[in-house]
*Asks:* 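Starting off with a structure, shown below.
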Amino acid sequence: MDASSSDSKYHVVLFPFMSKGHTIPLLHLGRLLLRRPNFIVTVFTTSGNHSFIANSLSDTTAFIIDLPFPQNVPQIPAGVESTDKLPSMSLFAPFALSTKLMQPDFEKAIETLPRVNFMVSDGFLWWTLDSAIKFGFPRLVSFGMSIYSSCLCKVVFEHRLLFGPESDDELITLPQFPWIKVTRNDFGSTFRDPEPSGPHFEFNIATITAAINSYGAIINSFYELEATFADYWNKENGNTAWFVGPLCLADAPRVEHEPRKKPTWIKWLDQKLEQGRSVLYAAFGSQVDISPQQLKEIAIGLKKSKVHFLWVMKAKDPQFGDESELEENIGDGGIIVREWVDQREILIHQSVNGFLSHCGWNSVLESICAGVPILAWPMMADQPLNARMVVEEIKVGLRVKTCN
Ligand SMILES: O=c1ccn([C@@H]2O[C@H](COP(=O)(O)OP(=O)(O)O[C@H]3O[C@H](CO)[C@@H](O)[C@H](O)[C@H]3O)[C@@H](O)[C@H]2O)c(=O)[nH]1
């Protein structure tokens with residue numbers, strides 16, 4: 001990048017965390033910023049994540065800088081640079097903590113760039129705040145979560161609300177939001193432990209402390225969707241949260257009209273539309289761990305429901321036993337796709353009238369934007385709280401009943 005020609009420009013650095021659900025909204029943000037005159041956007045990533053980012057921003061003028069991902073990190077297999085490639089999400093803490101080793105290379109690269117006006121970096125990259133302070137530019141944080149979930153986490157953590165109930169599924173009323181009831185099961189293990197310690201807890205404290213000390217937060221949501229919580233957050237926090245979403249609307253889904261070029265699953269949806277059939281879209285995000293037994297039960301459930309369905313599985317999900325077992329389980333009413341799809345292209349397809357979702361926040365927003373009701377089946381992280389929001393707060397979905 002030519003520093004002299006960029007003096008009069010506004011330079012924004014984006015540094016997404018190496019997970020698709022965290023990266024995608026920041027790339028949309030980059031696209032939005034580049035629509036303004038005189039903006040330069042530089043995206044930091046690693047070489048293993050370069051092609052995903054470069055493809056996504058191929059029609060923009062964003063600069064991409066690859067940093068080497070830390071090598072020989074205990075427990076993390078060589079070559080894994082994104083959470084969707086981790087053999088198990090139980091390795092999340094060592095993976096996320098290892099990113100701090102990128103700090104010297106990050107700072108070396110910043111030294112070579114034109115003056116940075118501000119940076120938006122993922123909350124999980126807590127150490128980027130220290131670099132921003134060192135180089136004298138503001139850091140805004142992005143966690144990729146709803147402000148509803150952030151408020152609920154803040155309230156239960158600060159008021160130690162999870163330690164009263166005897167069982168994990170006992171309902172707890174939140175005094176700050178008395179119409180909301182949560183259970184201990186809605187929260188991750190570090191929230192549930194009265195005396196938390198260990199790498200995951202240290203990581204949480206580091207990310208929260210850095211977020212509090214940052215200039216503000218960028219929220220992938222819109223004020224009207226969660227006004228009560230947006231107001232609460234901005235009243236209770238020292239720094240401001242800006243609601244700039246839904247960021248997925250910054251990038252139209254790439255709908256292919258030429259039949260020859262359409263992905264097979266879109267052709268299948270077209271057929272269902274012609275037949276006047278309604279389709280349930282089932283997908284559980286980019287990183288959740290689902291056991292082979294659970295996958296088989298999902299297949300049986302989908303078949304028994306007699307709905308037509310399109311199920312997008314993560315590439316790393318374990319295979320069923322063999323092809324015949326797979327077909328026996330799903331029958332002829334549905335299809336399974338194991339490729340990376342354009343989820344929004346599926347959600348806006350006229351045949352799709354329901355989304356069986358794990359309630360990752362991007363999926364929730366994309367479904368809301370497409371006007372598709374959600375069948376909420378949360379699995380981890382903020383998903384149980386997102387599911388409560390979908391079902392109980394904004395009432396755009398129903399909850400899947402599960403047995404433990
Ligand atoms: O084949 C695919 C699979 C996924 N996606 C997209 O990938 C994103 C997935 O994001 P999300 O639905 O939020 O799920 P996760 O990947 O599970 O997201 C992680 O990040 C989210 C944002 O912080 C959290 O809410 C989730 O709990 C966390 O698991 C969405 O934009 C999808 O449209 C595709 O486009 N094609």
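Numbers for residues simply follow the sequence, beginning at 1. All values reported here derive from a predicted model rather than from experimental measurement. For ligands, and for the atoms within them, numbers begin at 1 and follow the listed sequence.
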*Asks:* Among protein heavy atoms, which lies nearest atom 22 (C) of ligand 1, and at what distance?
*Replies:* Gly144 O, 3.3 Å
*Asks:* Using only heavy-atom distances, determine whether the side chains of Thr45 and His50 contain a donor-acceptor pair under 3.5 Å.
*Replies:* no
*Asks:* In terms of the angle between their ring planes, are Phe39 and Tyr10 parallel, tilted or perpendicular, with boundaries placed at 30° and 60°?
*Replies:* tilted
*Asks:* Checking side-chain polar atoms at under 3.5 Å, does Asn386 have a donor or acceptor matched by the opposite partner on His358?
*Replies:* no
*Asks:* Gln287 heavy atoms, cut-off 4.0 Å: which ligand 1 atoms fall inside?
*Replies:* 17 (O), 19 (C), 28 (C), 29 (O)
*Asks:* For the pair Phe191 and Phe187, name the ring-plane relationship: parallel under 30°, tilted 30 to 60°, perpendicular over 60°.
*Replies:* tilted
*Asks:* Checking a contact table here: which protein heavy atom is nearest atom 16 (O) of ligand 1, and how many Å away?
*Replies:* Ser286 OG, 2.5 Å
*Asks:* Among protein heavy atoms, which lies nearest atom 15 (P) of ligand 1, and at what distance?
*Replies:* His358 NE2, 3.6 Å
*Asks:* For Lys20, is at least one N or O under 3.5 Å away from an N or O on ligand 1?
*Replies:* no
*Asks:* What are the atoms of ligand 1, with element, lying closer than 4.0 Å to any heavy atom of Trp361?
*Replies:* 13 (O), 24 (C), 25 (O)
*Asks:* Identify whether the distance between the nearest side-chain nitrogen and carboxylate oxygen of Glu111 and Lys108 falls below 4.0 Å.
*Replies:* no
*Asks:* Using a strict cut-off of 4.0 Å, indicate which atoms of ligand 1 neighbour a heavy atom of Gly360.
*Replies:* 11 (P), 12 (O), 13 (O), 14 (O), 25 (O), 26 (C)
*Asks:* What's the shortest heavy-atom distance between Asn220 and Pro25, and which atoms?
*Replies:* ND2-CB, 3.6 Å
*Asks:* For ligand 1, indicate whether the residue Glu366 contacts it via side chain, backbone, both or neither (heavy-atom separation under 4.0 Å).
*Replies:* side chain
*Asks:* Salt bridge between Arg388 and Glu393, side-chain N to carboxylate O under 4.0 Å?
*Replies:* no
*Asks:* Would you mind finding which of Leu385, Asp342, Asp382, Leu247 brings a heavy atom closest to atom 27 (O) of ligand 1?
*Replies:* Asp382
*Asks:* Using 30° and 60° as the class boundaries, would you call the ring planes of Phe243 and Tyr223 parallel, tilted or perpendicular?
*Replies:* perpendicular
*Asks:* If you define the side chain from C-beta out and look only at heavy atoms, does anything of Arg184 sit under 4.5 Å from Val156?
*Replies:* no
*Asks:* Among all protein heavy atoms, pick out the one at the shortest distance from atom 3 (C) of ligand 1; state its residue, atom name and that distance to 0.1 Å.
*Replies:* Trp340 CZ3, 3.4 Å
*Asks:* Please list the nearest protein heavy atom to atom 9 (C) of ligand 1 with its residue and the distance rounded to 0.1 Å.
*Replies:* Gly21 CA, 4.2 Å
*Asks:* How long is the gap from OH on Tyr232 to CG on Leu152, to the nearest 0.5 Å?
*Replies:* 9.5 Å
*Asks:* Under 4.0 Å, heavy atoms only, figure out whether ligand 1 is touched by the backbone of Ile24, its side chain, both or neither.
*Replies:* side chain
*Asks:* Please write down residue, atom name and distance for the protein heavy atom closest to atom 1 (O) of ligand 1.
*Replies:* Val341 N, 3.0 Å
*Asks:* Return the orientation label for the Trp268 and His308 ring planes: parallel under 30°, perpendicular over 60°, tilted otherwise.
*Replies:* tilted
*Asks:* Assess Arg344 for proximity to ligand 1: is some non-hydrogen atom of it under 4.0 Å away?
*Replies:* no
*Asks:* Would you call Asp168-Arg192 a salt bridge at under 4.0 Å N-O?
*Replies:* yes
*Asks:* Is there at least one pair of N or O atoms, one from Ser19 and one from ligand 1, spaced under 3.5 Å apart?
*Replies:* no
*Asks:* Between Phe284 and ligand 1, which residue portion shows a heavy-atom distance shorter than 4.0 Å: side chain, backbone, both, or neither?
*Replies:* neither
*Asks:* Which heavy atom of the protein is the closest neighbour of atom 13 (O) of ligand 1, given with residue, atom name and distance?
*Replies:* Asn362 ND2, 2.9 Å
*Asks:* Considering the heavy atoms of Phe143, write down every atom of ligand 1 situated less than 4.0 Å from one of them.
*Replies:* 23 (O)
*Asks:* Which residue and non-hydrogen atom of the protein lie closest to atom 20 (O) of ligand 1, and at what distance in Å?
*Replies:* His22 CD2, 3.4 Å
